[in-house]
Amino acid sequence: MLSLIELQCRPWLNGLELLEDLQRNKHTLSTGDKGTDSLLQGGFREGQLTELVGPSSSGKTQFCMQAAASVAENHLGRVLYLDTGNSFSARRIAQFICSSSDATLGQKVMSRISFHTVYDIYTMFDTLQGLEVTLRSQMNVNEYRLRLLVVDSISSLITPILGGSGSQGRALMVAIGYLLKKLAHEHSIAILVTNHTVGAGGEGGKTKPALGETWKSIPHVRLLQSRDHKNSNCTISILKHTSMPSGQTVKTMTRKENQQCL
Amino acid sequence: MEAWRLPLSSSIRGKLISAGYASLSLISSVSSSDLARDVNITEEEAFEILRLAKQSSGSSSCNGSRSLINGAKNAWDMLHEEESLPRITTSCSDLDSILGGGISCRDVTEIGGVPGIGKTQIGIQLSVNVQIPRECGGLGGKAIYIDTEGSFMVERVLQIAEACVEDMEEYTGYMHKHFQANQVQMKPKDILDNIFYFRVCSYTEQIALVNHLDKFISENKDVKVVIVDSITFHFRQDFDDLVQRTRVLSEMALKFMKLAKKFSLAVVLLNQVTTKYTEGSFQLALALGDSWSHSCTNRVILYWNGDERYAYIDKSPSLPSASASYTVTSRGLRNSSSSSKRCSHKLSFTRAISHNGSENCVSIPAFSGLRSTSPRTISSRRRNASTISRSLRPLVRAATVETIETSSASSLVD
Amino acid sequence: MQNGKMKPENLLRRSTANRKLTTGCEILDECLRGGISCDSVTEIVAESGCGKTQLCLQLSLCAQLPISHGGLNGSSLYLHSEFPFPFRRLHQLSHSFHQSNPSIYANHNDNPCDHVFVQNVHSVDHLFDIMPRIDGFVGNSKNRLPLKLIVLDSVAALFRSEFDNTPSDLKKRSSLFFKISEKLKQLANKFDLAVVITNQVTDFVESSDGLSGLRIGNLRYLYSSGRRIAPALGLAWANCVNSRFFISRSDDSIGKDRSEKDESSSSSVSRRAQRRLDIVFSPYLPGNSCEFMITREGICAVQA
């Protein structure tokens with residue numbers, strides 16, 4: 001019985017082991033755009049939950065797809081793309097992949113990206129738990145392991161259950177946040193989620209990220225994306241980062257092929 | 001499920017149970033190396049146990065490396081699926097070009113604009129065009145039209161249907177050498193018959209109808225498009241509980257997305273435009289607010305540019321932002337006359353619209369207003385939408401805001 | 001929820017077109033392809049003095065005509081929010097109406113005014129109070145013609161004073177528009193009525209955000225009496241109606257004497273009385289316009 005509990009709990013690690021784990025297992029994944037990479041000092045960190053916030057049609061899905069394509073191609077990792085709003089487009093991913101001219105290579109890259117639609121939070125829990133089981137049971141010597149998990153967008157799963165009378169919604173939101181972070185840490189996956197903005201209330205008309213104050217502390221890294229509609233430039237700025245000051249920004253431009261920094 | 005049901009040798013089974021692994025869920029929750037260490041078996045045996053456990057619990061395929069989770073598809077397969085998705089033409093080839101061939105099935109498309117810009121006309125045109133038979137390059141399907149405002153006029157539908165039938169007859173007349181036996185027999189009355197028209201007069205009726213659609217479409221499998229005109233009307237009243245309104249709307253959006261995916265049909269939601277007070281001034285936005293804006297896959301905004309109607313792709317996962325002009329004629333939606341001037345390669349424009357290329361004469365689908373002579377290929381078409389002029393910017397944005405300057409020429413060249 | 005609503009309407013069983021109510025003037029009827037449509041909310045925008053009330057009164061009378069004559073064979077309900085109601089003008093019109101339709105009004109004592117019901121509305125709340133009574137009113141039509149036309153003259157007057165210009169008030173006001181429109185459309189659909197609403201105009205003021213110049217419909221600019229105007233109640237209300245028609249008058253007709261005895265200047269009289277109707281937007285009519293006149297007998301075609 002005790003052995004079972006011990007198995008379930010993670011063993012204690014000291015700081016040195018953590019550092020070793022960091023250096024050995026937790027690499028940075030390029031986002032596919034040099035500017036964003038330099039902003040994030042390399043890109044996404046495996047083991048961390050990165051959130052991208054932005055108003056509608058600011059380019060969040062494009063960012064996610066570019067990241068997926070970049071990880072599949074450059075890092076030879078598998079990507080799992082969970083889509084909540086029918087916004088995944090395989091065609092666009094194909095455009096992001098530079099080696100799509102070579103058909104067989106392109107096919108290999110694209111077959112590393114798995115895609116699934118999830119429409120509500122309970123399905124999401126089931127999916128994540130199923131994923132956990134799969135990840136644990138796989139031998140670690142798999143040639144392509146899962147490196148990036150994208151959830152686009154997590155806010156459309158959570159918003160329907162927030163509000164209302166009970167605080168169930170918030171509890172579920174926190175639960176899913178922790179489940180994601182646990183997955184990220186245990187299996188050295190980088191997780192990217194997107195969030196939308198809502199009006200901040202009052203007469204000011206400012207916008208703030210959805211999901212409220214409780215969610216704010218859950219992601220490790222928060223990025224804000226906004227789009228200047230006049231010339232389709234996007235600006236990505238850091239709202240929160242574990243090792244960098246917030247407020248730094250980078251401008252990117254959306255082109256047909258991929259996002260490139262200005 | 002119990003561990004002793006697994007088809008293992010009895011010694012291993014015994015070791016499992018004495019170590020405490022009585023149920024499959026416990027087995028599944030550990031990794032193979034931990035299991036091996038604990039039960040005192042080799043790693044291969046542990047892996048085998050886990051594989052069997054997963055198999056019998058009915059989870060994802062035993063191979064492990066094929067699909068990460070149950071039901072996931074990989075992007076390469078999806079690419080092929082996407083490319084073979086049929087699209088519904090809008091009868092306006094410019095509009096079709098920026099849409100990548102037309103309104104795509106399996107997507108939720110939102111079309112918004114000011115009153116009088118032609119939203120209902122587009123809705124009616126689509127509900128007629130979806131019925132174009134496969135021999136002529138269409139989908140041969142039926143349409144569901146949900147009318148919340150009372151703008152659906154049968155005489156107008158009849159007009160558009162008659163024009164469509166005439167176009168089809170001309171097309172088959174031209175193609176007569178290719179199709180020997182098939183003769184298009186559609187009559188305008190048949191077209192009316194294939195549009196399932198629902199009128200809703202309150203938001204409760206709207207919700208009830210949307211809930212009922214799943215059953216209805218299961219019984220009428222050839223429905224290929226669902227048009228809601230307009231999705232917002234009943235929700236713009238004062239709701240006592242705004243949270244409830246948001247929840248109801250997001251549930252409705254979800255249902256539409258599921259319908260689109262499940263039955264591979266196109267869902268077209270027509271939306272109104274409102275003024276929003278942001279950052280100290282009033283600006284235009286689509287109705288229903290920020291939380292609604294991610295409920296659709298594609299968004300098209302209709303606006304006036306001078307005396308012409310324009311459509312702008314505001315949100316799309318795979319199409320670049322572009323604008324195209326269109327007109328509403330007695331025969332339905334057609335290309336605007338200035339675009340036909342462009343197509344005839346005249347370089348003197350009456351209005352100085354700059355283009356990045358003059359390759360606007362992409363292969364035109366069979367039923368655009370221009371009597372094109374090139375038949376459309378029935379297989380998928382990948383349009384190069386970036387050739388459509390980028391310099392035109394609409395005056396209305398979706399959830400974000402943009403002021404209108406009818407006289408200034410900021411990003412409009414007029 | 002009745003089960004009947006879940007079945008789609010058979011479009012073929014509907015007559016090929018919605019029933020139309022004649023305006024009493026053949027030029028207008030031609031422009032509108034028959035007249036005002038039933039099961040639809042039509043808005044008439046005009047500055048004061050252009051004749052919207054005249055047109056509404058005439059429509060109320062025309063509703064009594066049998067269907068063969070372009071009417072709806074029904075009575076009409078006239079909700080007026082502006083004072084006073086022009087009873088004298090109604091009687092005047094009714095008299096000439098009676099005379100010009102002898103076949104219908106065989107009995108000399110038949111008064112067309114009997115089939116026009118007038119109700120005063122002084123605020124938005126009052127309007128909402130009246131709505132359920134209309135429902136009952138239409139239902140219990142024993143001795144009289146069934147109700148087939150509702151006129152609301154004018155909607156702008158209901159909103160004139162109660163609301164400030166703050167964003168929250170405007171939002172409240174907008175949601176009331178949709179509530180009114182929804183209720184009227186429900187009535188129109190349930191009983192196959194024609195609903196006509198009149199609206200006023202305001203002077204066009206170029207505002208800093210450029211929104212006042214927002215183009216709605218077929219006309220880029222709306223001009224009346226030589227100056228540029230905009231329909232009242234803004235974009236929100238424009239979303240609430242199915243069709244919008246704009247009546248305007250030209251420059252030369254202001255500031256002249258209205259002496260009807262002056263026969264010599266008949267041309268100037270006719271110019272004074274001349275009006276123009278433009279179709280701003282409509283789900284089934286192309287952008288079109290026509291000219292008509294207002295005379296003692298009512299609205300009639302422009303004399304050549």
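Note that the structure is a prediction, hence the values are computed from the model and not measured. Every chain is numbered from 1, with letters handed out A, B, ... down the list of sequences.
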Test side chain to side chain contact (heavy atoms under 4.5 Å, CB included), reference A:Thr117, set B:Lys261, B:Met257, B:Lys258, output is B:Lys261
Quick one: pull up [atom1] in [X] and [atom2] in [Y] and give me the separation to the nearest 0.5 Å.
{"X": "B:Leu254", "Y": "A:Ser156", "atom1": "CG", "atom2": "OG", "value": "8.5 Å"}
{"X": "B:Ser318", "Y": "A:Met65", "atom1": "OG", "atom2": "CE", "value": "7.0 Å"}
{"X": "B:Lys315", "Y": "A:Gln62", "atom1": "NZ", "atom2": "CD", "value": "11.0 Å"}

Can you give me the closest heavy-atom contact between A:Arg91 and B:Glu82, atom names plus distance?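 In this case the closest contact between A:Arg91 and B:Glu82 is N-OE1, 3.3 Å.
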Over all atoms of both residues, closest heavy-atom pair of B:Ala75 and A:Ala90: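 The answer is O-CB, 3.6 Å.
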Quick one: what part of A:Phe88 sits under 4.5 Å from any heavy atom of chain B, side chain, backbone, both or neither?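 Both backbone and side chain.
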